[in-house]
Amino acid sequence: MTIKAVLFDFSGTLFRIESTASWLRAVLDESRLTMSDTEFTRAARGLHDVGALPGGTTAHVTVPDHLTELMAVRDVDATRHRAAYTGMAREVPLPDDRLYDALYERHMRPAAWQPYPDALDVLSALRERGVPVGVVSNIGWDPHPVFVEHGLDRYIDTYVLSYRHGVTKPDPRLFSAACEALGVAPRDTLMVGDDRRADGGAAALGCAVHFVDHLPTADRPDGLRPVLELL
């Protein structure tokens, strides 16, 4: 196989969302609201435990029955994405009802995201080699400003986002759309992601697949570098 293009997942692959505590603290500071240390710790832990932070890890999460159906389709459009995650956050008591929407707004800001340490080097190396790159993400909003703010947008040739297509990975239509946008055949394409079910769906089209671990940035300094060895 000759790899002529590379597709990347967004969250947990190229970028990592801030911690739940950082997320909550940023919103409280902006809202000029305060919580005692005990209340803050309890709330941050609660938001983590229910999986309220979009882009965060969810392997430990049990979705409440009344939100199960909504969470299952959260990435097919922006309205359901917001409703699902604000609904999850509302499982945790906070001192002001406005904080739930503020938390959702915060997670879409570039400041809430940090690229993995090797993302820039890997993406720039792909550009130098003339390898086109696409982002394929299950998401309910446009992450383009995050890439722009962190200086990575110049290396991305196309964004294929579930909420714009109305389908989510592992549906092969998303990967097919990305390959078409890049002008390459799936058999000549590598998909890189952290979710073996969702991102592994690219294999059904004939794409090669490479997985990375969804870890904090400090714990995964060079997880993307093997991509260059696969070309």
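Scope of the values below: all heavy atoms of this structure, side chains included, with no hydrogens, waters or symmetry mates. Position 1 is the first residue of the sequence, and the numbers go up from there.
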request  = Could you tell me whether the side chain of Asp118 and the main chain of Gly223 form a donor-acceptor pair under 3.5 Å?
outcome  = yes
message = Just verifying a value: how many Å separate Met35 CE and Asp96 CG, rounded to the nearest 0.5 Å?
response = 11.0 Å
inquiry  = Can you confirm whether Glu105 is buried at CD, in the sense that more than 12 heavy atoms of other residues, nucleotides or ligands lie under 6.0 Å from that atom?
reply    = yes
inquiry  = For the CG atom of Leu28 and the CD atom of Glu39, what is their distance to the nearest 0.5 Å?
reply    = 10.5 Å
message = If I compare all heavy atoms of Pro172 with all of Leu205, which pair ends up nearest, and what's the gap?
response = O-CD1, 3.4 Å
task = Kindly give the heavy-atom pair with the smallest separation between Asp142 and Leu161, and that separation in Å.
result = OD1-CD1, 3.9 Å
key: Spacing of CG belonging to Leu99 relative to CG belonging to Leu24, to within rounding of 0.5 Å   = 7.5 Å
query = Given side chains that start at C-beta, do those of Tyr159 and Ser137 come closer than 4.5 Å, heavy atoms only?
reply = no
ask   = Side-chain contact, heavy-atom cut-off 4.5 Å: Val212 with Val227?
value = no
ask   = Would you call Glu91 and His66 a side-chain contact if the rule is heavy atoms closer than 4.5 Å?
value = yes
ask   = So, do Met88 and Val63 sit near enough that their side-chain heavy atoms are less than 4.5 Å apart?
value = yes
Heavy-atom check, side chain of Arg80 versus side chain of Tyr163, under 4.5 Å = no
task = Please confirm whether the backbone N or O of Tyr104 pairs with a side-chain atom of Arg82, one donor and one acceptor, at under 3.5 Å?
result = no
query = Under a single-linkage definition using a 4.5 Å side-chain heavy-atom cutoff for Ile, Leu, Val, Met, Phe, Trp and Tyr, are Leu14 and Leu53 assigned to the same hydrophobic cluster?
reply = yes
message = Other residues, nucleotides and ligands only: do more than 12 of their heavy atoms fall within 6.0 Å of CZ on Arg173?
response = no
ask   = So which heavy atom on Val136 is nearest to which on Ala178, and how close?
value = CG2-CB, 3.6 Å
Asp219 atom CG, neighbour heavy-atom count above 12 within 6.0 Å = yes
ask   = Are Leu120 and Leu152 close enough, and set up right, to give a side chain to side chain contact (heavy atoms under 4.5 Å, CB included), and what steps lead you there?
value = CA-CA 7 Å; Leu120 174 59; Leu152 299 185; 3.7 Å; yes
inquiry  = Can you tell me if Arg98 has over 12 outside heavy atoms packed within less than 6.0 Å of its CZ?
reply    = no
task = May I ask whether Met191 and Val6 are part of the same hydrophobic cluster, defined by side-chain heavy atoms of I, L, V, M, F, W, Y residues being less than 4.5 angstrom apart, directly or through others?
result = no
note = Heavy atoms of Val209 and Ala202 approach each other most closely as CG2-CB, 4.2 Å
task = Answer yes if Tyr155 and Val135 sit in the same cluster of Ile, Leu, Val, Met, Phe, Trp and Tyr residues linked by side chain heavy atoms under 4.5 Å apart, and no otherwise.
result = yes
key: Residues Arg127, Asp157; criterion salt bridge (Lys or Arg N to Asp or Glu O under 4.0 Å); working and verdict   = CA-CA 10 Å; Arg127 178 52 55 91; Asp157 298 289; 3.2 Å; yes
remark   = When every non-hydrogen atom of His60 is compared with those of His48, the smallest separation belongs to NE2-O, 2.7 Å
request  = Find the distance between CG (Leu70) and NE2 (His81) and round it off to the nearest 0.5 Å.
outcome  = 10.5 Å
request  = Give the intermediate values and the outcome of salt bridge (Lys or Arg N to Asp or Glu O under 4.0 Å) for residues Arg225 and Asp121.
outcome  = CA-CA 8 Å; Arg225 293 192 187 280; Asp121 288 347; 3.0 Å; yes
ask   = How long is the span from the CD1 atom in Ile17 to the OG atom in Ser22, to the nearest 0.5 Å?
value = 8.5 Å
message = Check whether His150 reaches the backbone of Pro110 with its side chain - one donor and one acceptor, N or O, closer than 3.5 Å.
response = yes
request  = Please work out whether the ring planes of Trp141 and His107 are parallel, tilted or perpendicular, with thresholds of 30° and 60°.
outcome  = perpendicular
key: Flag if over 12 foreign heavy atoms under 6.0 Å of CG, Asp29   = yes
ask   = So Leu33 and Val27, side chain to side chain contact (heavy atoms under 4.5 Å, CB included) or not? Walk me through it.
value = CA-CA 9 Å; Leu33 294 171; Val27 169; over 6 Å; no
inquiry  = Going by side-chain hydrogen bond (donor to acceptor under 3.5 Å, both in side chains), Lys169 matches just one of Asn138, Asp9, Asp195. Which one?
reply    = Asp9
query = Are Arg196 and Phe211 in a cation-pi setup, meaning NZ or CZ lies under 6.0 angstrom from the ring centre and within 45 degrees of the ring axis?
reply = yes
Flag, side chain of Ser162 to backbone of Val76, donor-acceptor distance under 3.5 Å = no
key: Lys/Arg N to Asp/Glu carboxylate O, Arg106 vs Glu30, below 4.0 Å   = no
key: Derivation and outcome, side chain to side chain contact (heavy atoms under 4.5 Å, CB included), residues Leu47 and Trp23   = CA-CA 10 Å; Leu47 290 167; Trp23 180 49; 4.1 Å; yes
ask   = Taking atom CZ of Phe8 and atom CG of Leu190, what is their separation to the nearest 0.5 Å?
value = 7.5 Å
task = Could you check whether the rings of Phe147 and Phe10 sit parallel, tilted or perpendicular, using 30° and 60° as the cut-offs?
result = tilted
note = Scanning both residues in full, the closest heavy-atom pair of Pro54 with Tyr85 reads CG-CG, 3.5 Å
task = Please check if Leu126 and Leu182 belong to a single hydrophobic cluster, counting links between Ile, Leu, Val, Met, Phe, Trp and Tyr side chain heavy atoms closer than 4.5 Å.
result = no
query = Going by heavy atoms in the side chains, are Pro117 and Arg220 under 4.5 Å from each other?
reply = no
request  = May I have the step-by-step check of side chain to side chain contact (heavy atoms under 4.5 Å, CB included) for Arg74 and Thr168, ending in yes or no?
outcome  = CA-CA 9 Å; Arg74 65 188 181 275; Thr168 59; over 6 Å; no
query = Do His210 and Glu229 have side-chain atoms, one donor and one acceptor, less than 3.5 Å apart?
reply = no
inquiry  = So does Asp194 get a backbone contact from the side chain of Thr13, meaning a donor-acceptor N/O pair under 3.5 Å?
reply    = yes
message = Under 4.5 Å between side-chain heavy atoms, counting indirect links through other Ile/Leu/Val/Met/Phe/Trp/Tyr residues: same cluster for Leu230 and Leu7 or not?
response = no
